[in-house]
Amino acid sequence: GDPTVEDYVIKIDRNTGSVITEWDLKNTLDENRTTWTGTVLSSPIDWFHGNGLIEDEDENIIVTGRTQGAVKYDKNKNLKWIVATHNGWDTSRLGTFPNQFLLQPLDANDQPITDTSVLNGHTNHPDFEWPWYPHAPKLMPNGNLILFDNGDNRNYSTAIKYSRAVEYEIDEQNMTIKQVWSYGKANGLETYSRIVSDVDYLADKDNVLFSPGFGINEFGLINGGVIQEIDYSTKAKVFEALINPSAGTFLAFTRTERMHIYNSVSYTH
């Protein structure tokens, strides 16, 4: 019944179909924040554009919103933190202040980054960049958050074009965030995808699956995407596949997964 879209998370019992928990993001975030978009989108308003969701073992959820950032809630619908630039946050629909949940970025020496230009996203710090229009949040075995940083409208500019896989260490007690690993910035247009896309950490190989899903510029392509498997330690590329449409057609992929070709099967004779 709300004149908005893509701003709910609903947990449903698979057996009964009943709703267990419902998160209306307008109750805790600022639906009128247009810092990243510069304008209120046409009705129905797609102010958050939820595109990725995970649940941890404690039933907390992390959801990415293309035009707001990444946010974490507990199972009781309490907002825990926000990964996004600090500017433009006002009150929620219930009158709460989401800016109290913004994280303080740290440099490589664990010192707070206090430059307001960095905090608000106008410039980057050598040790830290915010994710822009993110997708595909995942939790790594060490508890860190990894996601696909698309980079659309990065630093409020359409001229800066690169996408990244980025890993953040988040300290919920001290409300800090530290960038500990990233890949893709040096590739520029070769792996830039302003929409969709995916990233996965492959624990069995200690590799990262980096998948810009649309519009990459490799070999002059304007559509399609690329899948790269990256050695986490060295950032060397160990696998690559270009996923290209035929001329005049459109192709985009939102997720990729590494799966074993053969499953282990036990036979009884």
Side-chain angles (χ1 to χ4, degrees), residues 2-11 21-56 60-75 77-94 96-103 105 119-121 129-139 145-156 163-168 170 172 175 177 179 193-199 211-214 252 254-255:
D2 284 324
T4 57
V5 297
E6 298 183 311
D7 56 3
Y8 270 76
V9 176
I10 303 172
K11 187 173 183 178
T21 312
E22 183 176 275
W23 294 262
D24 180 354
L25 305 188
K26 296 182 291 298
N27 288 338
T28 48
L29 300 176
D30 177 12
E31 66 191 281
N32 297 305
R33 180 177 182 259
T34 57
T35 308
W36 284 9
T37 59
T39 183
V40 176
L41 303 180
S42 60
S43 183
I45 298 175
D46 189 11
W47 65 276
F48 185 77
H49 195 99
N51 58 40
L53 174 69
I54 54 173
E55 182 184 47
D56 68 17
N60 303 303
I61 64 168
I62 297 173
V63 56
T64 47
R66 186 174 186 270
T67 53
Q68 298 295 338
V71 295
K72 179 177 179 177
Y73 292 89
D74 66 20
K75 63 181 179 181
K77 299 187 281 189
N78 297 306
L79 183 59
K80 305 297 289 185
W81 48 248
I82 301 171
V83 177
T85 56
H86 285 197
N87 56 334
W89 294 94
D90 204 339
T91 58
S92 71
R93 184 170 285 194
L94 296 184
T96 59
F97 294 91
N99 58 359
Q100 65 183 299
F101 298 100
L102 295 169
L103 296 174
L119 295 178
N120 291 330
E129 296 183 28
W130 296 109
W132 294 81
Y133 291 52
H135 285 76
K138 305 286 192 315
L139 288 176
L145 173 70
I146 191 170
L147 50 76
F148 192 95
D149 170 18
N150 290 72
D152 192 11
N153 201 31
R154 190 182 300 277
N155 304 124
Y156 312 105
S163 298
R164 305 183 301 157
V166 59
E167 176 189 354
Y168 296 109
I170 296 175
E172 294 188 359
M175 292 297 286
I177 182 170
Q179 180 179 302
S193 177
R194 60 178 295 272
I195 61 172
V196 296
S197 308
D198 192 21
V199 61
S211 305
F214 174 74
T254 60
R255 297 291 184 268

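Throughout, residue positions are numbered sequentially from 1 according to the sequence presented.
- Put simply, CH2 on Trp81 and CD1 on Ile62 are 4.0 Å apart, with the number rounded to the nearest 0.5 Å.
- Nearest heavy-atom pair, Phe48 versus Leu29, reported as atom, atom and distance to 0.1 Å: CE1-CD1, 3.7 Å.
- Between Trp36 and His49, the distance separating the two ring centers is not shorter than 6.0 angstrom.
- Residues His135 and Asn150 bring a donor and an acceptor atom of their side chains to less than 3.5 Å of each other.
- No salt bridge links Asp24 with Arg93; every basic N to acidic carboxylate O contact stays at or beyond 4.0 Å.
- The structure places OG of Ser92 at 11.0 Å from CG of Leu25, a figure rounded to the nearest 0.5 Å.
- The closest side-chain heavy-atom distance from His86 to Leu103 is not below 4.5 Å.
- For Lys80, the NZ atom is loosely surrounded, since the number of other residues' heavy atoms within 6.0 Å does not exceed 12.
- Between Asp56 and Lys75 there is no salt bridge, since no side-chain N of the basic residue sits under 4.0 Å from a carboxylate O of the acidic one.
- Between Lys26 and Asp7 there is a salt bridge, since a side-chain N of the basic residue sits under 4.0 Å from a carboxylate O of the acidic one.
- In this structure, a donor-acceptor pair under 3.5 Å is absent between the side chains of Asn87 and Thr35.
- In terms of modelled atom types and a separation under 3.5 Å, the side chain of Gln68 and the main chain of Trp47 share a donor-acceptor contact.
- Taking the ring centroids of Tyr156 and Trp132, they lie under the 6.0 Å cut-off.
- Taking all atoms of both residues into account, the shortest heavy-atom contact from Met175 to Gln100 is CE-O, 4.2 Å.
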